[in-house]
Amino acid sequence: MSIDHIGRQFIATGYGAVTHTTISNNVFNGQSTYSSVPLCACQYWVLILTGNGDQITLALNYFYYTSGRGPHVGGTSGYTQKIHIYNNYYVTVLGHAIDPEVGANVVAEGNYFNAVTTPVLAGVGAAYVPTTAAQASACSSYIGRACQVNAFSSSGTVSAASTSALQALDDSYVSGASVMAASAVGAYVQANAGLGKVN
């Protein structure tokens with residue numbers, strides 16, 4: 001299943017398994033006159049992926065002016081999720097973007113984080129978010145190809161290199177993904193994501 005080319009504020013999977021699903025080419029614009037976050041005219045809720053057995057790809061989305069849960073993954077003991085996050089453009093996130101909690105297995109590659117306070121929250125879930133060429137190369141042992149390094153501009157640092165996330169996401173949908181370099185993401189996503197864009 002594919003959810004694409006929409007303008008959307010919030011997606012939640014619930015507690016049942018959502019499998020073989022791609023959320024792509026969407027614009028998550030959190031600008032709002034109301035916010036629970038001080039000094040931020042932005043929304044906190046974006047994506048919450050909590051289903052037991054969720055298998056979801058987030059690709060080529062534009063996350064703009066949010067403050068958290070982009071996405072929140074996991075959080076229920078005994079449940080597991082496999083989430084592949086690639087080539088998304090995060091801009092002005094005045095909080096955290098990716099939030100891996102208990103049960104989460106997240107591989108995030110080739111994303112561009114522009115003015116993101118905390119690109120990846122230090123949760124208890126497993127996340128592999130390569131920031132160096134060596135970390136990107138290490139993906140080959142698990143998914144059969146190198147990952148793309150994530151890029152950061154005016155953003156916080158990331159320390160998320162759990163190889164258990166790579167082990168969990170050794171599926172063909174991850175190894176076969178066509179992931180562009182993070183340097184190309186901003187222009188591509190702005191030109192192609194959202195309502196009325198056909199590509």
Side-chain angles (χ1 to χ4, degrees), residues 8-11 22-32 35 37 39-49 56-74 83-101 104-123 125-139 146-162 165-166 169 174 177-194:
R8 187 74 186 162
Q9 176 48 43
F10 183 57
I11 293 175
T22 298
I23 299 170
S24 62
N25 295 289
N26 301 297
V27 175
F28 294 91
N29 183 346
Q31 282 188 301
S32 173
S35 175
V37 181
L39 305 177
C40 170
C42 57
Q43 292 295 321
Y44 178 72
W45 300 89
V46 183
L47 290 133
I48 183 164
L49 312 177
I56 298 171
T57 297
L58 297 176
L60 306 165
N61 298 293
Y62 189 9
F63 296 90
Y64 178 72
Y65 240 89
T66 63
S67 61
R69 297 192 170 179
H72 170 97
V73 182
I83 311 297
H84 187 205
I85 301 172
Y86 72 86
N87 289 157
N88 297 285
Y89 191 39
Y90 292 87
V91 180
T92 314
V93 177
L94 305 177
H96 64 270
I98 301 168
D99 178 8
E101 294 302 329
N105 294 286
V106 174
V107 173
E109 57 171 321
N111 300 288
Y112 197 104
F113 298 89
N114 183 2
V116 178
T117 305
T118 306
V120 181
L121 204 59
Y128 196 86
V129 185
T131 60
T132 66
Q135 289 177 338
S137 178
C139 292
C147 287
Q148 290 285 351
V149 175
N150 294 282
F152 306 88
S153 175
S154 302
S155 296
T157 59
V158 171
S159 179
S162 170
L166 284 172
L169 271 76
V174 176
S178 180
V179 184
M180 72 180 84
S183 58
V185 167
Y188 181 89
V189 168
Q190 289 179 90
N192 293 284

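Model, not experiment: these values are computed from the prediction.
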Is [X] reaching over with its side chain to a backbone N or O of [Y], donor-acceptor style, under 3.5 angstrom?
X: H84; Y: V106; answer: no
X: Y90; Y: G70; answer: yes
X: N61; Y: N25; answer: yes
X: S155; Y: V116; answer: yes

Could you give all pairs that pass the salt bridge (Lys or Arg N to Asp or Glu O under 4.0 Å) test and reach residues 106-117, with sequence neighbours left out? E109-R145
For the residue pair [X] and [Y], what are the closest heavy atoms and their distance?
X: H96; Y: V93; value: O-CG1, 3.5 Å
X: L49; Y: P71; value: CD1-CB, 3.9 Å
X: V107; Y: A165; value: CG2-O, 3.9 Å
X: I85; Y: I83; value: CG1-CG2, 3.7 Å
X: A182; Y: Y112; value: O-CD1, 3.5 Å
X: A193; Y: N26; value: CB-O, 3.8 Å

Y128: which residues meet the ring-ring contact (aromatic ring centres under 6.0 Å, His included) condition with it, sequence neighbours left out? none
Test ring-ring contact (aromatic ring centres under 6.0 Å, His included) applied to H72 - qualifying residues, sequence neighbours left out: none
Which residues pass the side chain to side chain donor-acceptor pair (under 3.5 Å) test with N150, not counting sequence neighbours?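 Once residues adjacent in sequence are excluded, the partners of N150 under the side chain to side chain donor-acceptor pair (under 3.5 Å) criterion are N111.
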For S162, what residues pass the side chain to side chain donor-acceptor pair (under 3.5 Å) criterion, not counting sequence neighbours?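 Once residues adjacent in sequence are excluded, the partners of S162 under the side chain to side chain donor-acceptor pair (under 3.5 Å) criterion are S164.
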Not counting sequence neighbours, which residues clear side chain to side chain contact (heavy atoms under 4.5 Å, CB included) with [X]? List them please.
X: T131; result: Q135, F152, V158
X: V91; result: Y62, Y64, Y89, N114
X: A181; result: Q148, S183
X: S137; result: none

Heavy atoms, side chains only, cut-off 4.5 Å: are I23 and L47 in contact? yes
